Student: 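Here it is, the structure in full.
Chain A is the first sequence line, chain B the second, and so forth, proteins listed ahead of strands; every chain is numbered from 1. Model, not experiment: these values are computed from the prediction. Just the heavy atoms: all of them, side chains too, but no hydrogens, waters or symmetry mates, feed the values below.
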Amino acid sequence: MAAVVDTASWILLLGGSFFCLSGGVGLLRLPDFFSRMHGAGLTDTLGAGLILGGLILQSGFSLNAAKLVFILFFLLLTSPTATHALAQAALGAGLKPQLAPEEDEA
Amino acid sequence: MFAATMAAIMVTVLLALCRALAGPTVWDRLLAANMFGTKTVLLIAVYGFLTERPEFLDLALIYVLINFVGQLAVLRFVQSGALAPPGEGD
């Protein structure tokens, strides 16, 4: 039983690290501010969720698990709000998203 | 396992720092700073498990909220040049 929980925790932690890394790479390599927000949002939700899920499995049914649930709850509550405020401010300041070039007819 | 996760989070933080230094607009830098803060929260939590000291979880819990409030304050400042609408306060 402990081995199953350990393995599941390993998988969640490594999956979370992978998504954090891909979000970081996306932040660097994507061409436009609004597409970079996808990369940052990926790390905040999937990366953080999987890593904290792995830590919750590690700590069993205790006060530490409750604190980790609170951390996850606050992260999921505040990071979309901050992202939305940032996007709204950027749009209000006149930053335009980079769209695909117009297709020629026929 | 915690060491591998911490290494991955630190590499992500390094990537966010590169974007913060190179970002052509101020919004890119704000985005990278926000991501730096949320990765710091994860780093503190994983480090607490690495060193078997569960007190670090309280620090992580506080820093989520501090990061959010700080991010909104800097955003308000960048957006309007002042932290409060003109005419408020003394």
Student: Tell me whether A:L57 shares a hydrophobic cluster with B:L57, the cluster being built from Ile, Leu, Val, Met, Phe, Trp, Tyr side chains joined at under 4.5 Å.
Tutor: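 Each belongs to a different hydrophobic cluster.
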
Student: What pair of heavy atoms forms the shortest contact from B:L15 to A:G24, and how long is it?
Tutor: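 Smallest interatomic distance, heavy atoms only, reads CD1-C, 3.6 Å.
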
Student: Determine whether more than 12 heavy atoms belonging to other residues, nucleotides or ligands lie under 6.0 Å from atom CZ of B:F36.
Tutor: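 Incorrect, the count does not exceed 12.
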
Student: Given that the side chain runs from C-beta out, which part of B:L31 has a heavy atom under 4.5 Å from chain A: side chain, backbone, both or neither?
Tutor: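 For B:L31, the contact with chain A is made by backbone and side chain together.
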
Student: Quick check on the interface: out of A:M37, A:R36, A:K67, who has the most heavy-atom pairs with chain B under 4.5 Å?
Tutor: A:R36

Student: Hydrophobic clusters here meaning ILVMFWY residues chained together by side-chain heavy-atom distances under 4.5 Å, can you tell me if A:V69 and A:L12 are in one?
Tutor: no

Student: Could you tell me which portion of B:Y63 (side chain, backbone, both or neither) has an atom closer than 4.5 angstrom to a non-hydrogen atom of chain A?
Tutor: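 Neither; nothing under 4.5 Å.
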
Student: Taking all atoms of both residues into account, what is the closest heavy-atom pair of A:L13 and B:T5, and its distance?
Tutor: CB-OG1, 3.7 Å

Student: To the closest 0.5 Å, what do you measure between CG (A:L27) and OG1 (B:T12)?
Tutor: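 One finds 10.0 Å between CG of A:L27 and OG1 of B:T12.
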
Student: Return the option, out of A:L14, A:I51, A:T43, A:D6, with the maximum number of heavy-atom pairs under 4.5 Å with chain B.
Tutor: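 Going by pairs under 4.5 Å, I would pick A:T43.
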
Student: Between A:L52 and chain B, which part of the residue has a heavy atom less than 4.5 Å away: side chain, backbone, both or neither?
Tutor: side chain

Student: Taking all atoms of both residues into account, what is the closest heavy-atom pair of A:A89 and B:L75, and its distance?
Tutor: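 Closest approach of A:A89 to B:L75, heavy atoms only: CB-CD1, 3.9 Å.
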
Student: Check this for me: A:F34, atom CZ, are more than 12 non-hydrogen atoms of other residues, nucleotides or ligands nearer than 6.0 Å?
Tutor: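 Buried by this count: over 12 neighbours within 6.0 Å.
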
Student: With only heavy atoms counted, which part of B:D28 is less than 4.5 Å from chain A, the side chain, the backbone, both or neither?
Tutor: both

Student: How long is the straight-line distance from CZ of B:R19 back to CZ of A:F33, given to the nearest 0.5 Å?
Tutor: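 If I round to the nearest 0.5 Å, the distance is 10.5 Å.
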
Student: Count I, L, V, M, F, W, Y as connected when their side-chain heavy atoms are under 4.5 Å apart, and connections chain through other members. Are B:V26 and B:V74 then in the same cluster?
Tutor: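 Yes, it is one cluster - the side chains of B:V26 and B:V74 are joined through contacts under 4.5 Å.
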
Student: What part of A:L63 is in contact with chain B, defined as an atom under 4.5 angstrom from a non-hydrogen atom: side chain, backbone, both or neither?
Tutor: neither

Student: Do B:V64 and A:F70 have side-chain heavy atoms sitting under 4.5 Å apart?
Tutor: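 In short, these two side chains do not touch, never coming nearer than 4.5 Å.
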
Student: For B:L14, which atoms come within 4.5 Å of any heavy atom of chain A: side chain, backbone, both, or neither?
Tutor: neither

Student: Could you grab the distance from atom OG of A:S9 to atom CZ of B:F49, nearest 0.5 Å is fine?
Tutor: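 Those atoms lie 8.5 Å apart.
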
Student: Is there a side-chain contact between A:L86 and B:Q71 (heavy atoms, below 4.5 Å)?
Tutor: yes

Student: Can you tell which part of B:V46 gets under 4.5 Å to a heavy atom of chain A, answering side chain, backbone, both or neither?
Tutor: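 Both backbone and side chain.
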
Student: If I measure from the heavy atoms of chain B, does A:L42 come under 4.5 Å with its side chain, its backbone, both, or neither?
Tutor: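 No part of it gets close to chain B.
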
Student: Measure the shortest side-chain to side-chain distance between A:L75 and B:F68 over non-hydrogen atoms and say whether it is less than 4.5 angstrom.
Tutor: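 No; the side chains remain at least 4.5 Å from each other.
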
Student: Please determine, among B:T25, B:N67, B:L65, B:L42, the option with the most heavy-atom pairs under 4.5 Å with chain A.
Tutor: B:L42

Student: Side chain, backbone, both or neither: which part of B:L72 has a heavy atom under 4.5 Å from chain A?
Tutor: side chain

Student: Atom CD1 in A:I71, atom CG in B:L61: separation rounded to 0.5 Å?
Tutor: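 Rounded to the nearest 0.5 Å, the CD1-CG separation comes to 5.5 Å.
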
Student: How far apart are the closest heavy atoms of B:W27 and A:A93, and which atoms are they?
Tutor: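 Closest approach of B:W27 to A:A93, heavy atoms only: CZ2-CB, 3.4 Å.
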
